[in-house]
Protein chains: 2
Amino acid sequence: MPPIKVKMLDPAQQAGTGQSGPEGRAPARTRIQREKQDVILEAALDVFSREGFRGATIDQIAEAAGMSKPNLLYYFPRKEEIYNRLLTGMLDTWLQPLRELDDVGDPVAEIRSYIRRKLEMSRDFPRQSRLFANEMLQGAPRMLDLLETDLKALVDEKAKVLEGWMEAGKIRRTDPYHLIFAIWATTQHYADFDVQVRAVLGQGRGGEGRFEDAARFLEHLFMHGIFPHEG
Amino acid sequence: MPPIKVKMLDPAQQAGTGQSGPEGRAPARTRIQREKQDVILEAALDVFSREGFRGATIDQIAEAAGMSKPNLLYYFPRKEEIYNRLLTGMLDTWLQPLRELDDVGDPVAEIRSYIRRKLEMSRDFPRQSRLFANEMLQGAPRMLDLLETDLKALVDEKAKVLEGWMEAGKIRRTDPYHLIFAIWATTQHYADFDVQVRAVLGQGRGGEGRFEDAARFLEHLFMHGIFPHEG
DNA sequence: CAGATTTTTGACCAGTTGGAAAAAACGTTA
DNA sequence: TAACGTTTTTTCCAACTGGTCAAAAATCTG
């Protein structure tokens, strides 16, 4: 008998939940498949970041992606797989700025550029920030272990770096964990609470310049605080 | 004919959307009605703050409130009315600390106590904070006008107070709006991202003491910033 | 072009959702 | 206890939900 031609499998399998084959499956076989999946993920980011997992519907995502629901399900057989792909794929890039916080660099420059990069991410990828925030608000049901392992390990490591700088008198002695939280909070605020920021700043100051203003202010805040006359 | 006895109306009407009677209707007629409504609102806060408006279901709320769905609908005929009641009722108390920021007080003490009170609210009313955050993430579809009018007005007013203090050299000259955003962001972070905070701090430091630590850190941050050697 | 494969579509389904209607149960008070 | 208003439950419904399936359409390959 002739050799059986093994053609492509159902693309739906590739994002498999782990029960349909060995590990390490390629993310997408053909260019077309990869493109369609990207379109779907892009549309899903839009919807999920607004509505959260439960609030988002496959129909919404399909419409935003310009395809029919069954067609979308051909590429991602479960709603949850789209969501998980977005979450995990995002967390990595999201934490990149923190990873780059460099032990050997100048503390002042390092922290300033960390704040700046985080703020830029809020400006350039607000939906990713909101997706993440949404997951947090729900108690991180699909991410908790990642937070407790990977994220905690990374923050522990960087907290040590900060502590080293404190020991060396390069930065003020304070709680490194809460310092990191403060940087996260102040920068991500401009993505997650963007509506509020714009509503409060109004027509004039709520325009594109608001990120510059925020950057200036945050630098000021983290450098000197807001009260003069050091104690 | 005998005088018609006008007894209580359908309690559902009291939260009316405005189309069933004159303005200024009493919020609840009897003690029982008020209690039931409170139970419902309490349960709804739980569910809405986790799942957002779309993600929450009446069934979930009804179960959390210990009653049947139709029974719940007897008190609040629409899902949206529960949500709106929570939102508007909350915003008021939520902004109370800012309202109390006093022109005539000592700037340092005023701002410190504002930060402390906001942090206490995150500790004591995290669900309210998350409900609000959820609405923001969705683009504040049911709150935008409130933000643009009431909230903006309040912040404008308090920004002027801060500017006055800056003119007087009481606090460092910086952007008052972004200062307020920074206080909001850093304090509410401990409610909205509570899971993350606890996951990162781990068993040891993620316990009840974390709010004390946060308070100490934030005071430090806003007072001095994190870099020594003032420029 | 023919055959095989991949992609898309339309019809469909069971479970859930917000909500309506009506009847039953309960509480007051004359 | 009867009458009346209030509260609760039962039953029901149409629209929406995530997802299936087979067939049709489009694409690729030789």
Side-chain angles (χ1 to χ4, degrees), chain A residues 1-17 20 26 28-40 43-44 47-48 51-84, chain B residues 1-17 20 26 28-40 43-44 47-48 51-84:
Chain A
M1 64 180 168
I4 298 163
K5 231 179 186 171
V6 177
K7 283 284 175 95
M8 267 180 251
L9 300 171
D10 180 356
Q13 287 194 20
Q14 83 211 17
T17 48
S20 59
R29 316 252 158 181
T30 75
R31 180 181 51 83
I32 295 166
Q33 286 179 12
R34 225 175 300 122
E35 280 175 9
K36 291 269 173 168
Q37 288 192 2
D38 285 351
V39 170
I40 292 171
V47 180
F48 279 132
E51 312 278 1
F53 180 74
R54 283 225 50 197
T57 75
I58 300 184
D59 284 287
Q60 282 176 12
I61 300 171
E63 198 195 326
M67 65 182 71
S68 66
K69 178 168 63 172
N71 196 188
L72 182 149
L73 287 166
Y74 170 68
Y75 291 102
F76 290 92
R78 321 252 136 221
K79 181 186 176 186
E80 204 160 338
E81 277 174 34
I82 314 177
Y83 187 76
N84 285 336
Chain B
M1 63 182 167
I4 297 165
K5 228 179 189 172
V6 177
K7 283 281 176 104
M8 269 178 251
L9 300 171
D10 182 355
Q13 286 194 21
Q14 84 211 13
T17 46
S20 60
R29 315 252 159 181
T30 74
R31 182 180 50 84
I32 294 165
Q33 286 178 10
R34 226 174 300 123
E35 282 174 8
K36 291 266 173 171
Q37 288 191 1
D38 285 352
V39 170
I40 292 171
V47 180
F48 278 132
E51 312 278 2
F53 180 75
R54 283 226 50 198
T57 75
I58 300 183
D59 285 286
Q60 285 177 55
I61 300 171
E63 198 196 326
M67 65 182 71
S68 68
K69 177 169 62 171
N71 196 187
L72 182 148
L73 286 166
Y74 169 69
Y75 291 101
F76 290 92
R78 321 251 135 219
K79 181 186 175 184
E80 202 158 341
E81 276 172 35
I82 314 177
Y83 187 76
N84 285 338

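Values reported hereafter were calculated over all heavy atoms of this structure, with side chains retained and with hydrogens, waters and symmetry mates removed. In what follows, every chain begins at residue 1, and chains take the letters A, B, ... in the order their sequences are listed.
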(message) With a cut-off of less than 4.0 Å, is there a side-chain N or O of B/N71 near OP1 or OP2 of D/dT7?
(response) no
(request) Could you tell me whether the phosphate oxygens of D/dT9, OP1 or OP2, come under 4.0 Å of any side-chain nitrogen or oxygen in B/Y74? (result) no
(request) Find the distance A/F76:CZ to D/dG18:P and express it as a whole number of Å. (result) 16 Å
(request) Output the single nucleotide from C/dG18, D/dT7, C/dT8 whose closest atom is nearest the side chain of B/Q33. (result) D/dT7
(message) Please determine whether a side-chain nitrogen or oxygen atom of B/S68 lies at a distance below 4.0 Å from atom OP1 or OP2 of D/dT8.
(response) no
(message) Please determine whether side-chain contact (heavy atoms from CB on, under 4.5 Å) holds for the pair A/I40 and A/M67, giving the CA-CA distance in whole Å, both sets of side-chain angles, and the decisive distance to 0.1 Å.
(response) CA-CA 9 Å; A/I40 292 171; A/M67 65 182 71; 3.8 Å; yes
(request) Measure the distance from CD on B/E81 to P on C/dG18 and round it to the nearest whole Å. (result) 15 Å
(request) Could you tell me the separation between the CG atom of B/D38 and the CZ atom of B/R34, rounded to the nearest 0.5 Å? (result) 8.5 Å
(request) Ignoring hydrogens and angles, tell me if any N or O in the side chain of B/K79 forms a donor-acceptor pair with the backbone of B/A56 under 3.5 Å. (result) yes
(request) Indicate, with a heavy-atom threshold strictly under 4.0 Å, whether B/A56 touches base, sugar-phosphate, or nothing. (result) sugar-phosphate
(message) Tell me the interatomic distance from B/I61, atom CD1, to C/dG19, atom P, rounded to whole angstroms.
(response) 10 Å
(message) Tell me if the CD atom of B/E63 is crowded by more than 12 foreign heavy atoms within 6.0 Å.
(response) no
(request) Would you mind reading off the distance between A/E80 atom CD and D/dT17 atom P, rounded to a whole angstrom? (result) 18 Å
(request) Measure from the side chain of B/T57, starting at C-beta and using heavy atoms only, and say which of D/dT11, C/dT17, D/dT7 lies closest. (result) C/dT17
(message) Counting only side-chain nitrogens and oxygens, does B/K79 get under 4.0 Å of the OP1 or OP2 atom of C/dT17?
(response) no
(request) Could you state the atom-to-atom distance from CG of A/D59 to P of C/dT16 in whole Å? (result) 18 Å
(request) Kindly say if A/K69 contacts the phosphate of D/dT17, meaning a side-chain N or O under 4.0 Å from OP1 or OP2. (result) no
(message) Heavy atoms from C-beta onward define the side chain here; which of C/dG19, D/dG19, D/dT7 lies closest to that of A/L73?
(response) D/dG19
(message) For a quick test of reading the model: is some side-chain N or O of B/R78 closer than 4.0 Å to OP1 or OP2 of C/dG19?
(response) yes
(message) Over 60° means perpendicular and under 30° means parallel, so tell me whether A/Y83 and A/F48 are parallel, tilted or perpendicular.
(response) perpendicular
(request) Rounded off to whole Å, could you give me the CD-to-P distance for the B/E63 and D/dT9 pair? (result) 14 Å
(message) What is the distance, to the nearest angstrom, from the NZ atom on B/K36 to the C1' atom on C/dG27?
(response) 13 Å
(message) Side-chain N or O of A/R54 versus OP1/OP2 of C/dT17: is the shortest distance under 4.0 Å?
(response) yes
(request) Find the distance B/Y75:OH to D/dT8:C1' and express it as a whole number of Å. (result) 8 Å
